[in-house]
Structures are given as C-alpha cells and as structure tokens.
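Just so you know, these numbers come straight off a predicted model, no measurement behind them.
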Amino acid sequence: MVRDRLTYSVAIRTLGKNPDVLKRELESVLQQTLQPDKVVIYIAEGFERPSFQVGKEEYVWVKKGMVAQRALEYREIDSDVILMLDDDVELAPDSAEKMLRAMDEHGMDCVAADTFKNQDMTTMQKMMAWVTNWVYPRRDDGWAFKQKRDGSFSYNGSPHQAFCLTETFSGPCWMIKKGVFQEAHLADELWMDRMGFPYGEDAVQSYKLFANGYKSGVLYDSGVKNLDAKTSSGVYHHDDKKFYTRSFGIMATWWRMIYTVRDKRWLSALLFGMKVWWQLNVHILLGLAKLNMKIPYNYLKGLKDAWDFVHSEAYQSIPSYILSRRKR
C-alpha cells in the first residue's frame, strides 16, 4: 500500500486575500482519504492570517513573492513528499492518494495534477493560445506537455491514459519528493520575483527538474479543481504594464531554461526570433485596435530590458540552471 511507502505533508502559499477560497481548499484537504502529516500555510509577511481554523493547519510567515513562498527549505516538514498547493485549488477526497500512488507505481520524483485542462479548451480558446503564444495540441504520444525551443509548450490534445510523463507542468498542484526538491535548488530562481509578477515561474521550476534528469508526470484524473481566485495574477492582468512584464518574462525565462541549456543554440534563437516577430505584429494590431501604441512599445521595451538583464552581472551571478555545470 502507498500508505506504508510514502508519507506526505501539504504546503500552501498564499497572501490570505481570499479566505473563503482558502477555507474551501483546507476543507478538501481535511477530507483526504490519506491524511497528510502536516498542513503548513506559507503566508507572505505583512499579511494577516485568516480568522478560521479548519483542521491542524499551521501558518509560517515568509518573504512575499510567488517564488519566495515556494522555494523554501521546508524545515517544518519531515515527510517523504510535499504536496505543493496554491491557495485556490480544491482536492477530491482521493486526490492525494491517487498522486502518491502514481508517484510510487511509475517511479516518479514529481507528479502534477492537470489543473488547467488545456485539452478541454474550446476551439476559440485553442486558437487564441496558438495566436498569442504558439501553444498548440499534439496527438497522444504518451507525454503530457513538451517544452518547445521557442519557449512555448505543446500539450497532449487527447490523452487516453490517466498518467503521462511530462517535461513541464503548471504550478497550482504538484507533489514532489522533499529530497529532490532540495537537490534541484529551486531557490536559485528567486530572480523571477524581481519582475513584479514572475511570469512563467511554474515553467522554469518544473522544466528544471526535467532538464536535470528528474522524472515528472501529469495525472489527468486527480480530481483537483482550479478555483482560480486570481489573488496574484489578477494584479498582473489589470496592470497597464502587463505587456512589458510578459515580454520581459518571455525573454528572460527562454534565455534561462532554453537558450543556455539546449544544444543547437542557433536553432533555439531562430525559432524564438520568429515567435518574437509574430508576437510583435500581434501587439501592433492590438495597439491599433485599442488606439494605444504603448502596447507594442511596452512589448519591445520588455524584450530589450530582459536582454540587458541576462547580460548583467546580477544575472551572471545566478548559479547554472543545469546542476552538473556548477563550479565546485
């Protein structure tokens, strides 16, 4: 039985801005058929903890930031596995048990729930994903998500099995062996919090596992629901500088996880350049439609500033993305 092999604890990152949704999440954790050893809520400094107590959850205040609130040492947790949750998901009663079983049966270091269900998007949503970011579906090849050289990803458009291997995954709900988390040095990616909104932080962290030889998979029938509280992303989407933030993130993350990692850099650069050219035209059209040419301007400025950043001393001081390349 999984119960005899692996123990797990729950780690939730939050700002505490939507207590009703967080309470619903905690109630779903309390109903798990396989109970966690601990439930620890990592709340940003300066924010108040909700007034309720659902079960045995405890609060720990940490520095604010989506990466800072996840890339922790987790000294409070002694379990074999950590179930990483955002504050806006709801688990089915057997979600944790299913994920643990998948980790055990498939020999995985990390298992993520399929929270956004790209394969179930409408035709219009799929078209928009391709037009705006070159994200597209693939035929079922046994893999959930594949990381493309241009920085985008492709997804399994019709998975026929409950579990698939993956190169990357989304961040609302994933389970990882604590030892693997510590070995991957995800705290090296704290630079992303400097962007204000760490665009693509889940991709950078999840692909780092794959790029360094760890095994990850996606469980399609986990029963996990995304309640989409938008406590962090809502600020980003209503910010006039979102086009700047997005292009900065696209450029910086591509450089970090693709260009400096994969072979044939010329091919990665070519494909990324094609994507940038396409997106620039999309932003120009959007700017004309909205009578706001700051949209393409901010897009270009974000790219330029990201280029300057990845060539700066601050970026050069960040340890290598590939662990084996580090100086000893």
Can you tell me how far [atom2] of [Y] sits from [atom1] of [X], rounded to the nearest 0.5 angstrom?
X	Y	atom1	atom2	result
I318	R256	CD1	CZ	5.5 Å
F272	Q279	CZ	CD	7.5 Å
K208	Y321	NZ	OH	7.0 Å
D202	M84	CG	CE	13.5 Å
I176	M103	CD1	CE	7.5 Å
K98	E105	NZ	CD	12.0 Å

Any donor-acceptor pair under 3.5 Å from [X] side chain to [Y] backbone:
X	Y	value
D80	K177	no
S152	K148	no
K64	F47	no
Q316	V310	yes
S247	Y299	yes
D86	D88	no
E97	Q35	no
K215	G107	no
S206	F169	yes
T14	G16	yes

Which heavy atom in [X] sits nearest to a heavy atom in [Y], and how many Å separate them?
X	Y	value
M108	H106	CE-O, 3.1 Å
A92	S222	CB-O, 4.2 Å
G287	P296	CA-CD, 4.2 Å
G55	L30	CA-CD1, 4.2 Å

Taking side-chain hydrogen bond (donor to acceptor under 3.5 Å, both in side chains) as the definition, give me every residue that meets it alongside [X], ordered by chain and number, with sequence neighbours left out.
X	answer
T122	Q125
D20	none
E76	Y42
E25	none

Do the rings of [X] and [Y] sit parallel, tilted or perpendicular, given the 30° and 60° boundaries?
X	Y	answer
W191	Y315	perpendicular
F153	F145	perpendicular
W174	F181	tilted
W143	F210	perpendicular

- Can you spot which of M195, K301, K241 makes a side-chain contact (heavy atoms from CB on, under 4.5 Å) with F248? M195
Are the side chains of [Y] and [X] in contact, using a 4.5 Å heavy-atom criterion?
X	Y	result
W277	L280	yes
I41	L26	yes
I250	R246	yes
I322	N212	yes
D140	Q161	yes
M99	L34	no
M293	L288	yes
M192	Q205	no

- Give me the other members of the hydrophobic cluster that W130 sits in, counting Ile, Leu, Val, Met, Phe, Trp and Tyr linked by side-chain heavy atoms under 4.5 Å, directly or via other members.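 V131, W134, Y136, W266, L267, L270, L271, M274, W278, V282, which link up through side-chain heavy atoms under 4.5 Å apart, make up the rest of the cluster.
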- Connected-component partners of L285 among ILVMFWY, side-chain separation under 4.5 Å: none
- Message: Quiz question: by atom type and distance under 3.5 Å, do the side chains of R138 and S154 form a donor-acceptor pair?
- Response: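 Side chains of R138 and S154: pair found under 3.5 Å.
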- With sequence neighbours left out, what residues match E90 under salt bridge (charged side-chain N to carboxylate O under 4.0 Å, His left out)?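 Listed in chain order: R24.
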- Message: Test of understanding: with salt bridge (charged side-chain N to carboxylate O under 4.0 Å, His left out), list the residues that count as partners of K146, not counting sequence neighbours.
- Response: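 Scan of K146 (salt bridge (charged side-chain N to carboxylate O under 4.0 Å, His left out), adjacent residues dropped) gives D141.
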- Message: Please determine whether salt bridge (Lys or Arg N to Asp or Glu O under 4.0 Å) holds for the pair R149 and D263, giving the CA-CA distance in whole Å, both sets of side-chain angles, and the decisive distance to 0.1 Å.
- Response: CA-CA 10 Å; R149 283 185 180 271; D263 59 357; 3.1 Å; yes
In terms of heavy-atom contacts, does [atom1] of [X] have more than 12 from other residues, nucleotides or ligands at under 6.0 Å?
X	atom1	answer
Y297	OH	no
K117	NZ	yes
K126	NZ	yes
K225	NZ	no

Which residues pass the side-chain contact (heavy atoms from CB on, under 4.5 Å) test with [X], not counting sequence neighbours?
X	result
K304	D308
E48	none
Q182	K178
W307	M251, W255, H311

- Message: Could you check whether R265 makes a cation-pi contact with Y259, meaning its NZ or CZ is under 6.0 Å from the centre of the six-membered ring and within 45° of the ring axis?
- Response: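 Judged by the rule, R265 and Y259 form a cation-pi pair.
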Cluster link [X] to [Y], ILVMFWY, side chain under 4.5 Å:
X	Y	answer
I284	M128	no
L85	F116	no
V60	I82	yes

- Task: Look at R70 together with E201 and state whether they make a salt bridge at an N to O cut-off of under 4.0 Å.
- Result: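 Answer for the salt bridge query: no.
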